[in-house]
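Scope of the values below: all heavy atoms of this structure, side chains included, with no hydrogens, waters or symmetry mates. The chains referred to below are lettered A, B, ... by the order of the sequence lines, with proteins before strands, and numbering in each begins at 1.
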There are 2 protein chains.
Amino acid sequence: MFSIGALSRHTGVKVPTIRYYEQMGLMCAPERTEGNQRRYGRAERERLGFIKHARDLGFSIEAISALIELNDHPDRSCAEASEIAAYQLSSVRKKIASLTRLESELSRISDGCSGNGIADECYVLASLADHARCETDH
Amino acid sequence: MFSIGALSRHTGVKVPTIRYYEQMGLMCAPERTEGNQRRYGRAERERLGFIKHARDLGFSIEAISALIELNDHPDRSCAEASEIAAYQLSSVRKKIASLTRLESELSRISDGCSGNGIADECYVLASLADHARCETDH
DNA sequence: CCTTGAACCTCTAGTGACTAGAGCAACTAG
DNA sequence: CTAGTTGCTCTAGTCACTAGAGGTTCAAGG
Ligand SMILES: [Zn+2]
Ligand SMILES: [Zn+2]
Ligand SMILES: [Zn+2]
Ligand SMILES: [Zn+2]
């Protein structure tokens, strides 16, 4: 049994974040000492490790709730887990695509200005004022 | 002179967002009718167009404030504009790099599960429970 | 001129996933 | 036993909006 601080050190999840996950229902309310302090065991450490890894991979709290629910019921179909992972992958790909378009515009804009001129003739400011200079939509 | 709704249609910025920009100091408080409704002119439409374009390119409200300040003072050095654009470019590149790492893990995870099995043997759930299966850090 | 309905006004609260801080209680090492 | 760290709850703040309540003003048709 260890304290919330020890759990935090073991998992790399900050103390207030652990309490937040409890509030959100991701972590169950743990046992308490007589003095009302949280005490965790091995199962909770694993659960929090799962949550942290999923968060690091960008899954939302809601998605993680559903995944944990499945993890707690090993006999259920994993169709939902597959769906959630596929959805997460596709939204990451969409974000990459959109950021890549931004990157090409921004590199053009940034390259167009050395920072040695005056605002009136600045390529950055002119580009922001006029989307027609852009090569892609956004 | 046109109403906030007309300005919204011209620029593609939603009405509550325009009011929000005014509250944040990005847009100046416009003239009002006798009945207290906002009336805008050409200068304000251009300014809002500038803001929208910058937002579409991912600049923060704070960055846009600084850029507008420069735009309003054409004789100043554009060094700050150059810095802001370079910073924005570098943060977009960092995001792309991080999302690309996630993408490769997520595609491995997603490919590993057809959705036809049970939770106990699911590759998605097993991968989330154990970061050692990952090929990159995150 | 009057009515109707759309558009406008302000203000508050909610989103997601935390993070910071106040003010107090409990635990632990020396 | 005491000092210092860690813990507790609760509230409010972050970012860039978005939604809703409850009321007012505007523009067009009759
Ligand atoms: Zn410049
Ligand atoms: Zn553009
Ligand atoms: Zn599976
Ligand atoms: Zn991993």
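Of the residues in residues 47-61 of chain A, those lying under 4.0 Å from DNA chain C by heavy-atom distance are A:R55, A:S60, A:I61.
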Polar atom pairs (N or O), protein with nucleotides 6-8 of chain D, under 3.5 Å:
residue	atom	partner	partner atom	Å
D:dG7	OP1	A:S3	OG	3.0
D:dG7	OP1	A:G5	N	2.5
D:dC8	OP1	A:R38	N	2.9
D:dC8	OP1	A:R38	NH1	2.9
D:dC8	OP2	A:R19	NH1	2.3
D:dC8	OP2	A:R38	NH1	3.4
D:dC8	O5'	A:R38	NH1	3.4
D:dC8	O3'	A:R32	NH1	3.4

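Classification of B:D56 and A:R101 as a salt-bridged pair fails, no side-chain N sitting under 4.0 Å from a carboxylate O. A salt bridge does not link A:R19 with A:E22: none of the charged nitrogens is closer than 4.0 Å to a carboxylate oxygen.
Using a 4.5 Å heavy-atom cutoff, the side chains of B:I118 and A:P74 are not in contact. Counting heavy atoms from C-beta on, the side chains of A:M27 and A:I51 come closer than 4.5 Å. No side-chain heavy atom of B:E80 sits under 4.5 Å from any side-chain heavy atom of B:L67. Taking the side chain as every heavy atom from C-beta outward, B:S3 and B:R39 approach each other to under 4.5 Å.
You'll find that the side chain of A:T33 is closest to C:dC27, out of C:dC27, C:dA17, D:dA16.
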Working for side chain to side chain contact (heavy atoms under 4.5 Å, CB included), residues A:Y20 and A:L26: CA-CA 9 Å; A:Y20 170 73; A:L26 269 190; over 6 Å; no
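When atom types are taken as modelled, the side chain of B:H10 and the backbone of B:G49 share no donor-acceptor pair closer than 3.5 angstrom.
Each end of the helix from C:dC1-D:dG30 to C:dG30-D:dC1 gets its own axis from five base pairs, and the two axes differ in direction by 10°, given to 10 degrees.
Across A:A63 and A:I84, no two heavy atoms sit closer than the pair CB-CG2, 3.8 Å.
B:T136 and B:E105 are linked by a side-chain donor-acceptor pair at a separation below 3.5 angstrom, with hydrogens and angles left out of the test.
C:dC11 atom C1' lies 10 Å from atom CD of B:Q23, rounded to whole Å. The interatomic distance linking B:M1 (CE) with D:dA27 (P) rounds to 13 Å, in whole Å. Distance B:E34 CD to D:dA27 C1': 16 Å, rounded to the nearest Å. For B:E22 and C:dC8, the CD to C1' distance is 13 Å, given to the nearest whole Å. Distance, A:M24 CE to C:dT19 P: 14 Å, rounded to whole Å.
Here B:Y21 does not reach the OP1 or OP2 of D:dA16: none of its side-chain N or O atoms lies under 4.0 Å away. For A:Y20, no side-chain nitrogen or oxygen approaches OP1 or OP2 of C:dG16 to under 4.0 Å.
Note: B:M24 CE to B:T17 OG1 = 12.0 Å, rounded to the nearest 0.5 Å.
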